[in-house]
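Down below is the structure, laid out as C-alpha cells.
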Amino acid sequence: MFQLAVPIIYSLLWSRAVGAASGPPNIVPLHLDAGFWYGSFVVGPQNFSLAIDTGSFAVIIGKGKYKPNPMSQQTNQGEFIQFNGASEDGVQMATEVFFFVKDDATFAGVALNDFLVGNITDGDPLGGDGILGFSPPASMITDPNDPTFLAGQSLAQAICDEEGISPCEFGLTLKTDGTGSLVFGPLDETKITGNITTLPTLSHDAWIALNQTEADSALLVIDGEPVTHLIPIFDNGTPNIIGPLDVVRSALLSVGYNLTEQTDSDGISTVFGTYDCSRSPARFGFSFPPSTEVHYIDEGANVLNRTADGKICTANILGTSTVTAPDWQIGQTWFQGRYVQHNLNASTLAFADLA
Ligand SMILES: *[C@@H]1O[C@H](CO)[C@@H](O)[C@H](O)[C@H]1NC(C)=O
Ligand SMILES: *[C@@H]1O[C@H](CO)[C@@H](O)[C@H](O)[C@H]1NC(C)=O
Ligand SMILES: *[C@@H]1O[C@H](CO)[C@@H](O)[C@H](O)[C@H]1NC(C)=O
Ligand SMILES: *[C@@H]1O[C@H](CO)[C@@H](O)[C@H](O)[C@H]1NC(C)=O
Ligand SMILES: *[C@@H]1O[C@H](CO)[C@@H](O)[C@H](O)[C@H]1NC(C)=O
Ligand SMILES: *[C@@H]1O[C@H](CO)[C@@H](O)[C@H](O)[C@H]1NC(C)=O
Ligand SMILES: *[C@@H]1O[C@H](CO)[C@@H](O)[C@H](O)[C@H]1NC(C)=O
C-alpha cells in the first residue's frame, strides 16, 4: 500500500562488511493472498501474518489483535495515516490510527528488543493481521510541534543493525506461483538471469526512481511501443499497477479494451479495461532509459478476474483520479518473476529476472 505523501498528522488533526556475522541467511518465506504478500512476524507470544509493504514505513497490527505481554511498554506516540491500494483491485483506500508499543519482536530469525510496533486503535479493515513497512525512512520521524507524532521504526534497518548487514539491503523474490521470499543482504546472483537494472531512488519515504531529465525517466511500454514517460513508485504492497485516470483510459482504449468506469460517493473516479479472454492480451511493461529493454508484467498476474463464463477478462491495471501524472504505482504484479533489491545505504533499487 502506498502511504500517501502528505499524511494527515495529529497536530493538524552488495558485499557483507568484513567481520559481519556469517550465520544462516536472513530469509523470510512469503505467500500471496488476494494481492498482498504475507510473512510472519512474532511479537511477544503472538505470531502474526503481516503484509510486506515497501510503500510504507511502520509495522502496524490490526485493531484488537495485538495483546500486551510482560515486555510491552506503551508509548503515547503514534500516527494517523492514509493508504491507497488497500484492496486486491487497488481501488480501496484505508485510514488507520495507531499508537506504538515498544516490544520484543522476532523477524527473519532475528530477535529485536524494544522494537516499535504500531497497535491500531481505529481504522479500516486490512488483509491478514496488518502491515510490515519496508519503505526508506520517513522524512519526518517525529514532529517538534506535536509530541504525540511518531512515524515508527524501520524494520529493515533494525535487522541490518542487529546482523551487521552493511550496506543495508534486502531483496524481494516474488514468483509467479504465489510463493516468494524476503532476503536480507546482497543480491544472490545465482537466483537471477539476464541483466541487472539499477535505478537511483529517493533516500526517504518511498522507493521512487529519480530522473534528471524527462528523457531519462521511465517509460510505459505497451506491446513494444513506448507510450509515455512517468515517475515510478515501486511498491510491492500495492496489489497491481496504478496510474493516472486519463493516461490509463487512453492506454486501454489504444489496445481495443472496453472501459469500465466508476465514480464513488467521494468523487474518486476509476477505470478498468475489459477484453475478450480469447484474444491475446496486450502486454504492459516499463523500460528504464538509457536501456531499451522492456520489463513486462507477467501475463497471468495481469488478469484481475474473468466473468463466471470465462469470457470477459479484466486487466489488472487501475486508472484513478487519486494518482496524478507523471506518478505511477508499480505494484506486486510487476514484481512477480523478478528479484527486486532495495539498498537503503546507496538509495538504489535494482532488479533482474528470476532464474
Ligand atoms: C509463525 O507462523 C508461521 C505460519 O504458521 C510458522 O511457519 C512459523 O514457524 C511461526 N513462527 C513461530 C516463531 O511460531
Ligand atoms: C492495543 O490497543 C487496545 C485498545 O485499543 C488495548 O486494549 C491493547 O491492550 C493494546 N495492545 C497493546 C500491546 O498495548
Ligand atoms: C549504511 O548506513 C548505516 C547507517 O547510516 C551506517 O552505519 C553504515 O556504515 C552504512 N554502510 C555503508 C557500507 O555505507
Ligand atoms: C543486456 O544488456 C546488454 C548490453 O546493454 C544488451 O546488449 C542485451 O540485449 C541485454 N539483454 C537483454 C536480455 O535484453
Ligand atoms: C522526471 O520525469 C518526469 C516524467 O517524465 C518529468 O515530468 C519530470 O519533469 C522529470 N524531472 C526532471 C527534473 O526533468
Ligand atoms: C465491448 O463493448 C461492446 C459494445 O458495447 C460489446 O459488444 C462487447 O461485448 C464488449 N466486450 C467486452 C469484452 O466487454
Ligand atoms: C472484476 O473486477 C472489476 C474491477 O474490480 C469488477 O468491477 C468486476 O465486477 C469484477 N468482475 C468479476 C466477474 O468478478
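Keep in mind that what you see is a predicted model, and the values were worked out from it rather than measured. Below, each value reflects all heavy atoms present in this structure, side chains not excepted, and no hydrogens, waters or symmetry copies. Indexing begins at 1, ligand by ligand and atom by atom, following the structure's order.
- A ring-centre distance under 6.0 Å is found for His342 and Phe170.
- Counting heavy atoms from C-beta on, the side chains of Asp89 and Leu318 never come closer than 4.5 Å.
- Salt bridge Lys65/Asp129: present, at least one basic N to carboxylate O contact under 4.0 Å.
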Next item on the list: Report the C-alpha distance between Thr348 and Gln341 in whole Å, list the side-chain angles of each, state the deciding distance to 0.1 Å, and finish with yes or no for side-chain contact (heavy atoms from CB on, under 4.5 Å).
Entry: CA-CA 8 Å; Thr348 55; Gln341 183 76 355; over 6 Å; no
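- When only non-hydrogen protein atoms are considered, atom 13 (C) of ligand 1 lies nearest to Val42 CG2, 3.6 Å.
- A salt bridge is defined here as a Lys NZ or Arg NE, NH1 or NH2 lying under 4.0 Å from an Asp or Glu carboxylate O, and Asp246 with Arg249 meets this definition.
- Of the polar atoms of Ser72, none of the N or O atoms is found under 3.5 Å from an N or O of ligand 2, judged by distance alone.
- Atom 5 (O) of ligand 1 is not flagged as protein-proximal [any protein heavy atom, distance under 4.0 Å].
- Shown here, atom 8 (C) of ligand 1 is in close reach of the protein: a heavy atom of it lies under 4.0 Å off.
- Note: Phe134 and Phe184 have tilted aromatic rings, judged against thresholds of 30 and 60 degrees for the angle between ring planes.
- Between Asn305 and ligand 7, at least one pair of N/O atoms sits closer than 3.5 Å.
- Under a hydrophobic-cluster definition in which Ile, Leu, Val, Met, Phe, Trp and Tyr are linked whenever side-chain heavy atoms come within less than 4.5 Å, directly or via other members, Ile52 and Ile242 are assigned to different clusters.
- There is a protein heavy atom less than 4.0 angstrom from atom 2 (O) of ligand 1.
- Within the listing of ligand 2, atoms 12 (C), 14 (O) sit less than 4.0 angstrom from a heavy atom of Gln74.
- Interface of Lys67 with ligand 2, defined as ligand atoms under 4.0 Å from a residue heavy atom, comprises 13 (C).
- Ligand-side atoms of ligand 2 in range of Thr121: 5 (O), range being under 4.0 angstrom from any heavy atom.
- Atoms of ligand 7 found under 4.0 Å from any heavy atom of Thr314 (numbered from 1 in listed order, with element): 1 (C).
- Ring centroid separation for the pair Phe234 and Trp334 comes in under the 6.0 Å cut-off.
- For ligand 7, the polar-atom distance check finds no N/O of Thr307 at less than 3.5 Å from any of the ligand's N/O atoms.
- Ligand 2 has a nitrogen or oxygen under 3.5 angstrom from a nitrogen or oxygen of Tyr66.
- Note: an N/O pair closer than 3.5 Å links Asn47 and ligand 1 by distance alone.
- Listed by atom number, the atoms of ligand 7 under 4.0 Å from Leu304 heavy atoms are 2 (O), 4 (C), 5 (O).
- Under the 4.0 Å criterion applied to side-chain N and carboxylate O atoms, Arg338 and Asp353 are assigned as salt-bridge partners.
- For atom 11 (N) of ligand 1, a protein heavy-atom neighbour is present inside the 4.0 Å cut-off.
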Next item on the list: Apply side-chain contact (heavy atoms from CB on, under 4.5 Å) to the pair Val303 and Asn316, showing each step before the final yes or no.
Entry: CA-CA 5 Å; Val303 184; Asn316 205 0; over 6 Å; no
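- Counting atoms of ligand 7 from 1 in the listed order, those under 4.0 Å from a heavy atom of Arg306 are 13 (C).
- Only one option out of Phe288, Tyr339, Trp207 pairs with Phe351 in a ring pair (Phe, Tyr, Trp, His ring centres under 6.0 Å); it is Phe288.
- The ligand atoms of ligand 7 that sit less than 4.0 angstrom from a heavy atom of Asp89 are 5 (O).
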